[in-house]
Amino acid sequence: MSEFTIDDYRYMARALKLAERGLCTTDPNPRVGCVLVRDGKVVGEGWHAIAGGPHAEVVALRNAGEAARGATAYVTLEPCSHHGKTAPCSDAVIEAGVSRLVAAMQDPNPKVAGEGLARLREQDVEVAVGLMKSQAEALNPGFVMRMRSGRPFVRSKLAMSLDGRTAMASGESLWITGEAARRDVHRLRARSSAIVSGIGTVLSDDPSLNVRLEGQERQPLRVVLDPRLSMPETAKMLTLPGKTLVATAASPDDAWERLESKGAEVVSLPDGPDRIDLHAMLHLLAEREVNEILLETGAILSGAMLRAGLIDELVVYMAPRLMGDSARGLFRLPGLEAMADTLDLEIDDIRAVGRDWRITARPIAKT
């Protein structure tokens with residue numbers, strides 16, 4: 001028999017909805033929600049709104065006041081047990097007199113996992129863990145992956161025609177999809193920690209790689225993979241708010257200095273003159289607390305990332321048009337000659353976005 005009741009599920013679902021409110025603002029922290037219930041009534045709610053601000057539990061406790069004593073706290077992530085920019089939430093829960101805590105998941109950080117829950121149990125707070133765990137993990141895929149695997153979660157955004165083409169043979173690609181799909185892409189950008197692209201895309205399209213949504217202040221880090229350091233200092237993104245990082249395999253030279261004089265940060269990563277070590281790139285970004293990457297690039301880099309097993313999710317916008325067999329494809333994947341060589345996907349979601357279709361899928365690892 002489950003240790004959780006129907007009411008437990010209902011209140012945790014509410015906590016998850018609250019956590020979603022921080023989808024585009026909490027980076028690099030996780031999105032967390034909290035609901036306090038006493039005698040069958042909600043007495044306090046809260047969510048983590050911005051990094052450096054109060055955590056969800058603290059907000060909910062402040063809203064509840066004395067009503068928190070004897071209440072049950074439903075929280076989407078284990079209350080923290082360490083001092084950071086704020087005091088430990090586990091201590092705040094104990095001091096408020098909460099009698100029971102239900103956490104959707106344990107903290108994925110192996111250095112502190114379970115410590116907050118242990119502290120609560122030591123103070124005779126009843127603790128239950130695992131309610132709606134998969135939904136809580138899905139809310140923070142990048143934070144969970146960075147803590148468990150040491151790299152960000154990589155989401156590849158692609159736009160294609162019905163016959164699977166991304167650009168005409170000439171390179172022309174604006175616009176394959178409609179306005180509704182392009183707005184949807186900006187929502188993906190808004191939740192991302194960084195947008196990664198290749199120098200080929202920069203040279204051909206001069207993209208902005210920024211979020212253009214009303215009320216969105218935080219801009220994700222822009223990352224350009226530029227092995228030979230051929231990015232022009234006149235690139236549009238260098239004139240926009242937010243930070244641009246150029247990753248190169250080249251040594252410092254005049255081009256390096258010119259880009260830095262325009263506000264870009266240039267970093268050297270290992271490998272040869274025509275490519276960059278993709279694993280090293282992800283490791284660097286993880287060290288900078290990048291949780292979710294949105295990969296917006298052409299067939300060469302996206303194909304290399306896919307072959308390396310470094311794409312966790314594909315978001316493909318499919319437009320109801322045909323571009324012909326001479327147009328360019330989604331991925332450059334040399335060596336696929338037999339059906340046994342093909343890469344399989346698990347489709348998680350298909351839905352209409354304006355006149356286009358959005359397909360969300362995950363690569364299936366070969367066994």
Side-chain angles (χ1 to χ4, degrees), residues 154-192 194-214 216 220 222-225 235-237 240 292-307 310-339 341-364:
V154 179
R155 180 181 290 113
S156 178
K157 185 276 296 182
L158 303 139
M160 70 175 190
S161 61
L162 189 61
D163 52 350
R165 303 296 170 170
T166 64
M168 303 305 293
S170 64
E172 179 187 359
S173 61
L174 297 178
W175 293 96
I176 294 175
T177 56
E179 184 177 343
R182 296 197 293 275
R183 283 198 305 272
D184 199 58
V185 170
H186 281 281
R187 287 189 282 271
L188 284 181
R189 288 180 177 181
R191 69 171 291 170
S192 302
I195 303 172
V196 173
S197 194
I199 186 60
T201 299
V202 174
L203 293 177
S204 62
D205 297 340
D206 193 19
S208 298
L209 299 184
N210 64 348
V211 181
R212 299 187 290 277
L213 293 176
E214 185 177 352
Q216 177 69 25
R222 296 181 287 265
V223 181
V224 178
L225 305 191
K236 186 189 302 180
M237 69 179 70
L240 300 172
E292 294 182 27
I293 286 174
L294 185 63
L295 184 65
E296 295 197 43
T297 189
I300 296 175
L301 178 54
S302 57
M305 291 283 287
L306 191 60
R307 289 198 308 274
L310 297 177
I311 292 179
D312 304 297
E313 182 178 87
L314 300 167
V315 179
V316 183
Y317 295 88
M318 184 174 67
R321 63 174 66 193
L322 303 174
M323 296 172 65
D325 60 0
S326 65
R328 301 178 183 181
L330 278 180
F331 298 97
R332 180 174 291 182
L333 296 170
L336 301 187
E337 299 178 356
M339 287 300 294
D341 301 325
T342 59
L343 304 178
D344 291 331
L345 305 174
E346 183 76 34
I347 294 178
D348 291 330
D349 185 72
I350 301 177
R351 67 183 61 201
V353 181
R355 65 189 298 268
D356 304 307
W357 288 89
R358 186 184 71 197
I359 303 169
T360 304
R362 290 176 287 112
I364 299 176

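For reference, positions follow the sequence shown, starting with 1. On a predicted model such as this, the values are computed, not experimentally measured, just so you know.
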Please report the shortest heavy-atom distance between L188 and R191, naming the atom on each side. O-CG, 3.2 Å
Are R189 and R212 close enough that some pair of their side-chain heavy atoms sits under 4.5 Å apart? yes
Find out whether R358 and D349 are in side-chain contact, i.e. whether some heavy atom of one side chain is under 4.5 Å from a heavy atom of the other. yes
How long is the span from the CZ atom in R355 to the OG1 atom in T177, to the nearest 0.5 Å? 9.5 Å
Results of side-chain hydrogen bond (donor to acceptor under 3.5 Å, both in side chains) for D325 - residues two or more places apart only: none
Look up atom OG in S156 and atom CG in L310, then write down how far apart they are to the nearest 0.5 Å. 11.5 Å
How far apart are the closest heavy atoms of G329 and R165, and which atoms are they? N-NH1, 4.0 Å
Minimum side-chain heavy-atom gap L330-S302 below 4.5 Å: no
Does CZ belonging to R307 count more than 12 external heavy atoms closer than 6.0 Å? yes
Side chains of V196 and L225 in contact at under 4.5 Å (non-hydrogen atoms): yes
Roughly how far, to the nearest 0.5 Å, is the CG atom of L314 from the CZ atom of R155? 11.0 Å
Note: M305 and V154 closest approach over all heavy atoms is CE-CG1, 3.9 Å
Student check: side-chain heavy atoms of L322 and S161 closer than 4.5 Å: no
Could you tell me if the side chain of M237 sits less than 4.5 Å from the side chain of N210, heavy atoms only? no
Considering all heavy atoms of both residues, which atom of D163 and which atom of R321 are nearest to each other, and what is their separation? OD1-O, 3.9 Å
With side chains defined as the heavy atoms from C-beta onward, is the minimum distance between P220 and L294 less than 4.5 Å? no
What's the spacing between S208 OG and R222 CZ if we round to 0.5 Å? 8.0 Å
Criterion side chain to side chain contact (heavy atoms under 4.5 Å, CB included) on T201 and E296, from CA distance to verdict: CA-CA 9 Å; T201 299; E296 295 197 43; over 6 Å; no
Euclidean distance, T166 OG1 relative to F331 CZ, rounded to 0.5 Å: 10.0 Å
Between G178 and D356, which heavy-atom pair has the shortest distance, and what is it? N-OD2, 2.7 Å
If I take atom CG from residue L162 and atom CE from residue M318, how far apart are they, to the nearest 0.5 angstrom? 5.5 Å
My understanding is that only one of V185, I176, I359 makes a side-chain contact (heavy atoms from CB on, under 4.5 Å) with Y317; could you say which? V185
Note: E313 and P363 closest approach over all heavy atoms is N-CD, 4.4 Å
Under a 4.5 Å cut-off applied to non-hydrogen side-chain atoms, are S197 and T297 in contact? yes
